[in-house]
Number of protein chains: 2
Amino acid sequence: MQTILVIDDDESLRDTIAILLEREGFRTVQAADGKQGLDQALIAKPDLILVDLRLPLISGVDLCKRLRNSGVATPIIVLSAVCDELDKVLLLEIGADDYVVKPFGTRELLARIRAVLRRSGVESHKLTAFAGVEVDLERRVISRNGEAIKFTPAEYNLLTYFLQNPDRVLSRDMILNSVWGYESFPNTRTVDAHVVRLRQKLEPDPNCPRHFLTVHRVGYRFLP
Amino acid sequence: MQTILVIDDDESLRDTIAILLEREGFRTVQAADGKQGLDQALIAKPDLILVDLRLPLISGVDLCKRLRNSGVATPIIVLSAVCDELDKVLLLEIGADDYVVKPFGTRELLARIRAVLRRSGVESHKLTAFAGVEVDLERRVISRNGEAIKFTPAEYNLLTYFLQNPDRVLSRDMILNSVWGYESFPNTRTVDAHVVRLRQKLEPDPNCPRHFLTVHRVGYRFLP
DNA sequence: ATCGAATTGTAAAAGAGTTGTGAAATCTGA
DNA sequence: TCAGATTTCACAACTCTTTTACAATTCGAT
């Protein structure tokens with residue numbers, strides 16, 4: 001769960017934003033002035049900071065500067081009541097990632113938060129299975145040499161199971177239990193059928209598998 | 001020359017604003033109630049609308065909703081006598097661009113009008129969903145090749161959710177939670193029904209979707 | 001080495017489940 | 001009450017999964 005720090009001296013706006021964010025599954029921390037904000041930014045270690053430009057004690061601009069100077073890389077979105085005071089160049093210089101002009105729509109705010117989080121987040125949830133083949137768990141996309149390959153749900157589940165258990169001998173029963181669950185009871189041959197399809201889609205030469213190996217009389221083994 | 005429609009039941013206030021605006025080089029059109037206002041908004045095609053919240057016949061809130069629902073993207077500034085009745089989030093959800101609390105200074109009003117006009121002009125808040133289709137989050141207007149398309153609230157919400165989560169696999173449950181909220185429990189087929197309508201309205205060929213893709217046994221994925 | 005029983009590879013058929021969609025039922029706000 | 005929006009339903013169309021059948025392979029015992 002991601003935490004967002006909201007720094008604004010307008011309590012009702014803070015609450016509105018907090019409710020909105022919590023409804024969307026974020027955790028929120030609030031601060032009413034720049035000093036509190038700075039403290040919370042360091043203590044609560046939020047994933048993103050929403051900060052008003054005009055703040056008591058320490059202004060939003062100073063807050064950004066100080067955070068950046070202490071090596072805090074948390075993404076920051078600046079809120080501002082006045083369009084004109086938003087010197088975009090300045091904002092970027094002090095290390096803000098985006099800005100929103102008040103009054104703003106909830107959807108706009110959410111969209112910007114998501115965009116910034118996505119940009120700043122650990123760029124990509126990509127996982128390299130083996131030479132040329134990548135699996136993007138978040139997007140549920142599998143690609144070879146950059147080109148997406150279509151997988152059915154069962155194939156996808158089986159592949160990710162192999163990925164999570166590389167280099168181990170996996171019996172058909174283990175595979176059935178882990179991938180198909182305890183509530184369905186397919187034939188063990190089902191596993192074979194799916195492995196065949198994984199090989200056809202992913203092995204450079206499906207006739208001579210180098211990654212999805214058979215372990216005779218036991219099951220299979222995945223070698224990255 | 002830019003035209004501004006002023007909707008307020010207080011005739012002397014209307015006149016004051018009109019004189020002020022005309023002195024600044026705007027053309028003005030007036031309306032005394034919500035019904036007239038709606039008519040004028042459609043007939044006079046103003047560049048901006050100033051509207052009081054409390055109006056005879058049709059309230060300011062309804063007026064906004066109706067305009068946005070009929071695909072009118074004209075920027076709207078809401079006037080209100082009471083600060084408290086200004087639920088800012090609500091205002092933005094119904095598609096207002098800014099608000100001014102009565103009594104207001106002429107300088108403030110002019111500044112806000114200019115700011116809104118500037119924003120709505122060049123730096124529009126339009127977001128390109130995909131080829132030919134634009135979504136204006138701020139005004140809740142969706143258009144294809146410049147022509148507005150009517151969307152019901154549920155359709156609009158679903159679309160913006162897709163827009164905010166491009167290229168990700170979204171399960172029906174995720175969609176229900178995010179778009180419908182935790183308090184209603186519609187059937188998962190409801191999602192399908194709405195996706196169908198999005199496709200009918202937005203896909204070049206609804207029979208062969210290129211943007212609203214099905215992820216079998218999981219949900220959907222939006223591809224810009 | 002060779003045989004044969006067991007195991008695995010594989011295409012294709014059969015089966016199960018999912019999605020698309022129009023229409024009906026239900027809900028909701030004016 | 002009515003109109004529009006939303007949700008549910010029913011069934012067709014479709015995709016995916018599982019099974020099946022048979023060929024190919026493995027491997028231990030002759």
Side-chain angles (χ1 to χ4, degrees), chain A residues 140 149-159 169-173 175-176 179-181 183-203 205-210 212-221, chain B residues 33-35 38 55-66 68-71 90 94 140 149-159 169-173 175-176 179-181 183-203 205-210 212-221:
Chain A
R140 228 186 145 89
I149 307 174
K150 230 183 143 186
F151 277 74
T152 68
E155 289 163 8
Y156 181 86
N157 293 341
L158 179 59
L159 176 62
V169 176
L170 305 166
S171 73
R172 291 183 177 72
D173 283 336
I175 295 173
L176 280 176
V179 178
W180 274 260
E183 270 142 55
S184 63
F185 306 98
N187 196 310
T188 54
R189 301 311 313 280
T190 301
V191 176
D192 302 74
H194 282 280
V195 169
V196 166
R197 252 169 280 129
L198 284 192
R199 286 178 178 158
Q200 288 171 345
K201 290 186 180 179
L202 294 176
E203 289 281 2
D205 176 4
N207 288 350
C208 168
R210 301 180 57 75
F212 302 96
L213 308 182
T214 302
V215 181
H216 197 81
R217 279 167 58 69
V218 184
Y220 296 92
R221 171 151 59 138
Chain B
D33 62 56
K35 181 134 185 22
L38 194 58
L55 278 177
L57 302 184
I58 299 177
S59 82
V61 172
D62 288 339
L63 187 95
C64 288
K65 281 192 196 165
R66 291 210 201 175
R68 295 307 184 220
N69 281 341
S70 15
L90 172 73
I94 63 176
R140 283 180 92 89
I149 307 175
K150 242 184 132 178
F151 277 76
T152 68
E155 289 163 7
Y156 180 85
N157 292 340
L158 179 59
L159 176 63
V169 174
L170 305 167
S171 72
R172 291 182 178 71
D173 283 336
I175 295 173
L176 282 176
V179 178
W180 274 261
E183 272 141 56
S184 63
F185 305 97
N187 195 308
T188 55
R189 301 310 312 278
T190 301
V191 176
D192 302 70
H194 283 278
V195 168
V196 166
R197 251 168 282 129
L198 285 191
R199 299 217 259 233
Q200 287 170 347
K201 291 186 178 179
L202 294 175
E203 288 279 2
D205 175 4
N207 288 350
C208 168
R210 300 181 56 75
F212 302 95
L213 308 182
T214 301
V215 180
H216 197 85
R217 273 160 68 69
V218 184
Y220 295 93
R221 179 211 306 262

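Bear in mind that the values here come from a model prediction, so they are computed numbers and not experimental data. Residue numbering restarts at 1 for every chain, and letters A, B, ... go by the order of the sequence lines.
Per the geometry, CG belonging to Leu198(B) stands 14 Å off C1' belonging to dT6(D), to the nearest Å. Between Asp205(A) atom CG and dG9(C) atom P there is a gap of 14 Å when expressed in whole angstrom units. The CZ-C1' distance, from Phe151(A) to dT17(D), rounds to 16 Å in whole Å. In this structure, Tyr156(A) places its OH atom 17 Å from C1' of dC16(D), rounding to the nearest Å. Whole-Å rounding puts the Tyr220(A) OH to dT26(D) P distance at 13 Å. When rounded to the nearest whole Å, the span between CG of Leu213(A) and C1' of dT8(C) equals 14 Å. Rounded to a whole Å, the CD atom of Glu183(A) is 16 Å from the C1' atom of dG17(C). Counting to the nearest Å, the C1' atom of dC11(D) and the CZ atom of Arg189(B) are 11 Å from each other.
Of the candidates dC9(D), dA5(D), dT17(D), the closest approach to any side-chain atom of Asn187(B) belongs to dC9(D). Among the nucleotides dG17(C), dA5(D), dT8(D), the one closest to the side chain of Arg217(B) is dG17(C). Side chain of His216(B), nearest nucleotide from dT19(C), dT6(D), dT8(C): dT19(C). Side-chain atoms of Thr152(B) lie closest to dA5(D) of the nucleotides dA5(D), dC9(D), dT21(C). The side chain of Arg172(B) lies closest to dT19(C), out of dT20(D), dT19(C), dG9(C).
Glu203(A) contributes no side-chain N or O that, together with a main-chain N or O of Cys208(A), makes up a donor-acceptor pair within less than 3.5 Å. Distance alone, capped at 3.5 Å, is enough to place a donor-acceptor pair between the Arg199(B) side chain and the Phe212(B) backbone.
For the pair Asn207(B) and dT21(C), the criterion of a side-chain N or O lying under 4.0 Å from OP1 or OP2 is met. Residue Gln200(A) places at least one side-chain N or O closer than 4.0 Å to OP1 or OP2 of dA11(C). His194(B) has no side-chain polar atom (N or O) that falls below the 4.0 Å cut-off from OP1 or OP2 of dA5(D). OP1 or OP2 of dT18(D) lies within a sub-4.0 Å distance of a side-chain N or O belonging to Trp180(A).
Side-chain atoms of Tyr156(A) and Arg217(B), non-hydrogen and from C-beta on, never get closer than 4.5 Å to each other. Counting heavy atoms from C-beta on, the side chains of Leu158(B) and Phe151(B) never come closer than 4.5 Å. Looking at heavy atoms from C-beta onward, Leu213(B) lies out of side-chain contact with Tyr220(B) at the 4.5 angstrom threshold.
In terms of position along DNA chain D, the nucleotide closest to Glu155(B) lies nearer the 5' end than the nucleotide closest to the other residue of the pair Glu155(B) and Pro186(A).
Across all strands shown, Arg197(B) has heavy atoms under 4.0 Å from base atoms, whether or not it also approaches the sugar-phosphate. Nucleic acid contact class of Thr190(A) (heavy atoms, under 4.0 Å, all strands): base. Asn157(A) comes within contact range of no nucleotide atom at all, as no heavy-atom separation falls under 4.0 Å. Note on Val191(B): nothing from the nucleic acid sits closer than 4.0 angstrom, heavy atoms only.
Salt bridge Arg172(A)/Asp192(A): present, at least one basic N to carboxylate O contact under 4.0 Å.
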